[in-house]
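Contents: one structure, followed by commentary.
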Amino acid sequence: MPIPIVNSVASWFLKKRFHQIELFLKYPNEVQNELLMYLIDFAKDTEFGKTYDFASITNYNTFAERVPIKNYDGWQDAIERSRSGEQNIFWPTTIKWYAKSSGTTRSKSKFIPVSMQSLEDCHYAASKDLLCMYFNNNEDSKLFTGKSLRLGGSKKLYKENGTISGDLSAILIDNMPFWAEFSSTPSNKVSLMSDWEFKMQAIVDETIDENVTSLAGVPSWMLVLLNNVLETTGKNHIHEVWPNLEVYFHGGVSFTPYVNQYQKLLPKSGFKYYEIYNASEGFFAIQDQNDSDELLLMLDYGIFYEFIPMSVYETAEEHAIPLSQVKLGENYAIIITTNAGLWRYKIGDTVRFTSLSPYRIKISGRTKHHINVFGEELIIENAEVALKKVCKQTGAEVIDYTAAPIFMKGKEKGAHEWLIEFKAEPENIPDFISQFDNALKDVNSDYEAKRYNNITLNEPTVHVARKNLFYDWLKQNDKLGGQHKIPRLSNSRNYLEELLELNNG
């Protein structure tokens with residue numbers, strides 16, 4: 001299809017959708033409250049709706065007083081009943097699909113319900129919006145003249161009791177309209193391969209001769225794929241393989257540690273990076289501006305948002321607030337109520353608001369992936385900003401890392417212990433440690449206070465990981481590909497000890 005025709009069709013969709021987006025930009029809290037009342041009314045005759053008398057709920061305050069906040073463990077029994085074939089438990093329409101993700105204290109895996117409404121009105125709607133926003137900001141784009149290279153986990157789908165479970169990416173591909181495959185690569189057959197290492201080479205073989213104009217996937221795994229592309233083709237950078245490539249849509253993990261490596265692989269001036277924030281539970285936010293690190297919170301995807309200030313998270317004072325009460329700069333845990341029947345559900349992510357008009361956010365980490373043993377409240381965002389700074393200072397490049405506390409023993413003070421796999425190792429590790437320590441102090445005043453005169457914390461310890469350590473650990477734990485991530489920070493030493501043993505073994 002000629003570019004002018006493609007642009008005209010895209011422009012028509014853009015104008016139609018932007019009118020709806022403008023509505024929640026102008027009236028965000030009204031849109032969210034109306035959505036909540038709709039969800040409550042729609043589910044009032046479910047088992048859950050009758051338990052909490054949804055029929056009598058007329059406002060947010062009553063909803064918040066009556067309906068408890070739960071994590072997956074609190075929902076697991078109801079979800080297992082639903083997976084066994086029971087219906088109308090927490091959502092009135094039939095739920096056929098369950099997105100499988102990493103587990104909790106009670107089970108190896110989580111199974112997140114995916115309703116037809118969440119599939120159409122959230123996940124697929126967001127994919128269209130992402131393209132709309134990109135095209136709106138880049139009117140000379142030739143994105144639609146080529147194909148999008150998508151990289152998902154996509155392990156095989158499992159059918160049981162009339163329900164289907166698997167990676168969210170596999171569910172999305174399985175339900176994708178037939179024409180969508182023509183605009184993406186690799187084929188569904190290759191995308192759904194379960195052997196990750198075999199699939200990576202199959203993707204390379206199937207895509208290197210395509211006209212790829214965009215990339216979409218998790219940064220850590222896309223990096224592996226792109227390096228495989230260069231190894232297979234013998235080219236110096238990716239634009240020699242795909243000269244019309246113009247944007248990379250990424251999400252799943254922070255992009256900060258990978259920026260320098262991507263800039264070397266994709267050196268074309270003006271190349272675009274667009275971040276998304278999605279999970280098995282839903283699609284939450286989209287980068288709506290070129291060259292930005294802020295994400296627009298999408299308020300009309302069938303998801304009602306609440307937030308718990310991390311200062312009171314999992315304390316006796318824990319409480320949730322609606323979107324209308326959030327403040328700039330504060331760290332919040334996200335609570336969602338969705339059109340798949342999750343009610344006041346803790347997803348385990350934390351965000352900061354960078355703008356209140358419109359509501360834009362930055363992902364700051366995970367509620368469980370932080371270190372706060374000594375009152376330092378170190379979060380993933382702190383770690384990655386500090387790593388980026390020290391890498392720039394020392395010329396180092398980081399592939400992956402994890403960290404945990406060194407607990408106090410007797411008169412011995414605590415510290416943080418880091419295991420880092422470098423692509424480019426710093427020349428002087430002690431100097432790297434010192435500069436990293438200072439960078440952490442610069443971004444976290446609580447850490448700085450605990451480090452003052454070594455009052456509570458000693459200088460961090462850093463171990464250099466062997467090549468492919470984290471990859472081997474993921475493979476050993478059957479977690480290669482897709483949304484599987486390295487646990488960055490932890491109050492427990494379990495992950496670190498396991499990785500150190502593998503590193504030294």
Any side-chain heavy-atom pair of [X] and [Y] under 4.5 Å:
{"X": "Leu295", "Y": "Val351", "result": "no"}
{"X": "Phe284", "Y": "Ile336", "result": "yes"}
{"X": "Glu377", "Y": "Met310", "result": "no"}
{"X": "Pro68", "Y": "Tyr52", "result": "yes"}

Original post:
How are the rings of Tyr60 and Phe304 set to each other: parallel, tilted or perpendicular (split at 30° and 60°)?
Top reply: tilted
**OP:** May I ask you to decide if the ring planes of Phe255 and Tyr273 are parallel, tilted or perpendicular, using 30° and 60° as cut-offs?
**Re:** tilted
Report yes or no: does [X] contribute a side-chain atom to a donor-acceptor pair with the main-chain N or O of [Y] at less than 3.5 Å?
{"X": "Asn137", "Y": "Asp288", "result": "yes"}
{"X": "Thr402", "Y": "Pro487", "result": "yes"}
{"X": "Tyr124", "Y": "Leu172", "result": "yes"}
{"X": "Lys268", "Y": "Pro243", "result": "yes"}

Should the pair [X]-[Y] be classified as a salt bridge under the 4.0 Å nitrogen-to-oxygen rule?
{"X": "Lys142", "Y": "Glu246", "result": "no"}
{"X": "Arg81", "Y": "Glu47", "result": "yes"}
{"X": "Arg488", "Y": "Asp400", "result": "yes"}
{"X": "Asp349", "Y": "Arg366", "result": "yes"}

Would you check if there is a donor-acceptor pair between the side chains of [Y] and [X] at a distance under 3.5 Å?
{"X": "Ser187", "Y": "Glu206", "result": "yes"}
{"X": "Asp205", "Y": "Gln201", "result": "yes"}
{"X": "Ser355", "Y": "Glu294", "result": "no"}

Cut-off 3.5 Å, no hydrogens considered: what does the side-chain donor-acceptor table look like for residues 32-43, sequence neighbours left out?
| residue | atom | partner | partner atom | Å |
| --- | --- | --- | --- | --- |
| Gln32 | OE1 | Tyr305 | N | 2.9 |
| Gln32 | NE2 | Leu299 | O | 3.2 |
| Gln32 | NE2 | Ile303 | O | 3.0 |
| Asn33 | ND2 | Asn29 | O | 3.2 |
| Asp41 | OD1 | Lys44 | NZ | 3.2 |

